[in-house]
Protein chains: 4
Amino acid sequence: MSKIKEKQREKEQKLLDTAFDLFISKGIHETTIQDIVKDAGVAKGTFYLYFRDKYDIMNVLTLRKTVTLFEEAIKSSHKINYKNFTEQFLFIIDYIINALSEDKKLLKFIYKNLSVGIYNTHFQTELKDNFQTNASKLLFEMFKKRADEDELNLPNPQITFFMIIELVGSTCYTSILFNSPVPIEEYKPYLYQTIEKILRP
Amino acid sequence: MSKIKEKQREKEQKLLDTAFDLFISKGIHETTIQDIVKDAGVAKGTFYLYFRDKYDIMNVLTLRKTVTLFEEAIKSSHKINYKNFTEQFLFIIDYIINALSEDKKLLKFIYKNLSVGIYNTHFQTELKDNFQTNASKLLFEMFKKRADEDELNLPNPQITFFMIIELVGSTCYTSILFNSPVPIEEYKPYLYQTIEKILRP
Amino acid sequence: MSKIKEKQREKEQKLLDTAFDLFISKGIHETTIQDIVKDAGVAKGTFYLYFRDKYDIMNVLTLRKTVTLFEEAIKSSHKINYKNFTEQFLFIIDYIINALSEDKKLLKFIYKNLSVGIYNTHFQTELKDNFQTNASKLLFEMFKKRADEDELNLPNPQITFFMIIELVGSTCYTSILFNSPVPIEEYKPYLYQTIEKILRP
Amino acid sequence: MSKIKEKQREKEQKLLDTAFDLFISKGIHETTIQDIVKDAGVAKGTFYLYFRDKYDIMNVLTLRKTVTLFEEAIKSSHKINYKNFTEQFLFIIDYIINALSEDKKLLKFIYKNLSVGIYNTHFQTELKDNFQTNASKLLFEMFKKRADEDELNLPNPQITFFMIIELVGSTCYTSILFNSPVPIEEYKPYLYQTIEKILRP
DNA sequence: GATGAATGAGTGTTCATTCAT
DNA sequence: TATGAATGAACACTCATTCAT
């Protein structure tokens, strides 16, 4: 009984891992379910025992990957004492950037999935919502609370948060993956200085 | 002779316009060449006389659309006298944002195409390059020259430019199309203030 | 021991009942074994312990249902005294028509199954034979015996019987289920009058 | 131009003929589109240039075949003078029975298709309607008019017509194809005598 | 005996591309 | 040049059947 359940978990994980690799290397639209099952070493029908279709498996992957990353970042930030909120926030940003620098596959995947939202009309809301709800929401709650405690007096915390996240996301993607306009380590000081400016009254 | 050439231009333009509309409304992957030729009112084979495939026509469209927009923005900025560079730069940004607010189809299209670069491995370089080369390069040349003249003393003008462009691009997309986190008109003051902070020594 | 046998009977019956309902509501080709076991609440493998395939269970159903109906009709006709054979025969016909009017599901099922015979080459003989042998044969034996006793002097009782049965079957099906060309109660007098004409010397 | 159209007609006809043969020999549900195109010697995609799906081609076939048969029967009946209506009507019936005896494939096909109506819920109405409208309607119009002229005084001509058609249809099918209960030539006198009885006041 | 996870052959359908006209 | 009929590889998805537990 337990052995069966275990084998099932194994199969599901194998499918998730295989899909992850293929989505990154070939793109989602170019990846077929045939590709996934072939690489995962299972029969076609087996895929449908675990996932409804290609977008279902992608959805599951996105959620697991992003939530994990954000949770780790926040958890890790609790270990240290900061002189102010900005320092703590930059620590979290730095944690995420470092994680994505070391796991470029993950970076590609997250970006590609967000693009599916941009692309595919009927996923826009669903995906964006999932992402907002589960991943960045975590971070925003914490951002708002701490900004208040530190009396930063941000006129609109949500907009400030939104700007920083989008700035970090879009610039680091290009910097990490293409070293453009400069490699990430060279870019970091400029970025963090800019974030400080944005948070400074 | 000239009439034939004209008819050809007409056909090419009709195909471009039709593809543009379809790419926006249905997405690129969901648009078939059959759709394009049907709506354009030409035969299937005719498409292949003008374009290699779906991605070829998309490429042509992207370049034409973005270069035009940026050129207009810069040209328009020459009409006025500014007290400093920041004012002129914000004018250009504002021009582009307004243009995209009024032509949401264009906004969607530019974004979707950039996403294709993110997506599809073998387009990444080509598209990004095209875009950088032809469209934003125009703007950056002007940015650098004027920043120098104004003695802004930016430690690294390219990085600063990169950050601003990415910030504007990613946040305005969401704001204009989804009013999220706030509508564009409400968002503008925050954005411009942030850009000023970034440019301020 | 006996309890196990009973449980088995129960399972078989449950499968038969479920299949019957599904065959009627969805049609035989549209009903999958998955549907049957899901509705019956048993595992997929269990089906194959009791039946060879979909057509096997259908075959069993047809026989049980039709034989039962004809037996009831004949048995019921024994309770009354008739002035002649025609009266008794019409009584039996009437009994069957009434039964099928009240159980339209049964009517649909019998007809649909007969059609499978028409349809599916390798069932043609088997089914028709089964049906002839087990169900209408019962009735014909009785028809012939009584027709002799009554000195109807039918030149060919088998052909007469065949014509009447087919006439009743095909017209009542449409009349009961679709009220076409008229509802069954309105149709009955015409039908019985016609049967009398056919039996009349 | 004309050559292309001709080739198209040829292809369509080839598909229709092939489908007809397969529907008869294997049944409709057992015939796949792959079977049809393979036997017809065209590519899979070609099928979809001419027909929407399997049921579309079947529908076209049914209509063409049945309407043709009934029209021929009626047309042929005009060539002769009859002493009364019953004689003319029996002539038409005889014409149809002879045609179907000689073209058993056609008989099978017509019956199988009518069964699809019985089978497949969402074709019931459409097909029955098509059939009624286009084929037997022709015959009924003529039946009614001539029955009036001949002062047959049928209490309900529609019901009488319905009974005769169903009787002929269901009994001849078995007789022609299976010689059951007797071969068609042996059966005919019984059938025609019965029809006369039914039409007799 | 009963289960249900796993299989993979098979289906209908789409669509980029070709090429004879 | 322009056409659009024809192609056939490719796809997502289904489901009867098997078999280890």
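Just so it is clear, the values below take in all heavy atoms, side chains as well, and ignore hydrogens, waters and symmetry mates. Within every chain, numbering begins at 1; the chains are lettered A, B, ... in the order of the sequence lines, protein sequences first and strands thereafter. Since we're looking at a predicted model, the values are computed, not measured.
Residue R9(C) contributes atom CZ, which lies 12 Å from atom P of dA2(E) at whole-angstrom precision. At whole-Å resolution of the value, NZ in K7(D) and C1' in dC19(E) are 12 Å apart. In this structure, F47(C) atom CZ and dT17(F) atom C1' are separated by 11 Å, rounded to whole Å. To the nearest angstrom, C1' of dG12(E) lies 14 Å from NE2 of H29(D).
Pairing partner, dG8(E): dC15(F), with both Watson-Crick or wobble hydrogen-bond distances short of 3.5 Å. Nucleotide dT3(E) forms a pair with dA20(F), judged by Watson-Crick or G-U wobble geometry with both contacts under 3.5 Å.
Ranked by how close their nearest DNA chain E nucleotide is to the 5' end, T32(D) and I33(B) are led by T32(D). Between G45(A) and T31(A), the residue anchored closer to the 5' end of DNA chain F is T31(A), taking for each the nucleotide with the nearest heavy atom. Residue-to-nucleotide proximity on DNA chain E shows that, of K44(B) and Y48(D), the 5′-proximal contact is made by Y48(D).
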- Task: Take D39(A) and L22(A) through the test side chain to side chain contact (heavy atoms under 4.5 Å, CB included) and record every step on the way to the result.
- Result: CA-CA 9 Å; D39(A) 284 16; L22(A) 286 168; 3.7 Å; yes
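Contact between the side-chain N/O atoms of Q34(A) and the OP1/OP2 oxygens of dA10(F) is not found at any separation under 4.0 Å. Contact between the side-chain N/O atoms of T46(C) and the OP1/OP2 oxygens of dA2(E) is not found at any separation under 4.0 Å. The phosphate of dA5(E) has neither OP1 nor OP2 within less than 4.0 Å of any side-chain N or O from Y50(A).
One distance of note links NZ of K105(C) with CZ of F23(C); it measures 13.5 Å at 0.5 Å rounding.
Between H29(A) and H29(B), the two ring planes are parallel [angle under 30°; tilted spans 30° to 60°].
Side-chain contact of T32(A) with D35(A): a donor-acceptor pair under 3.5 Å is present, judged by distance alone.
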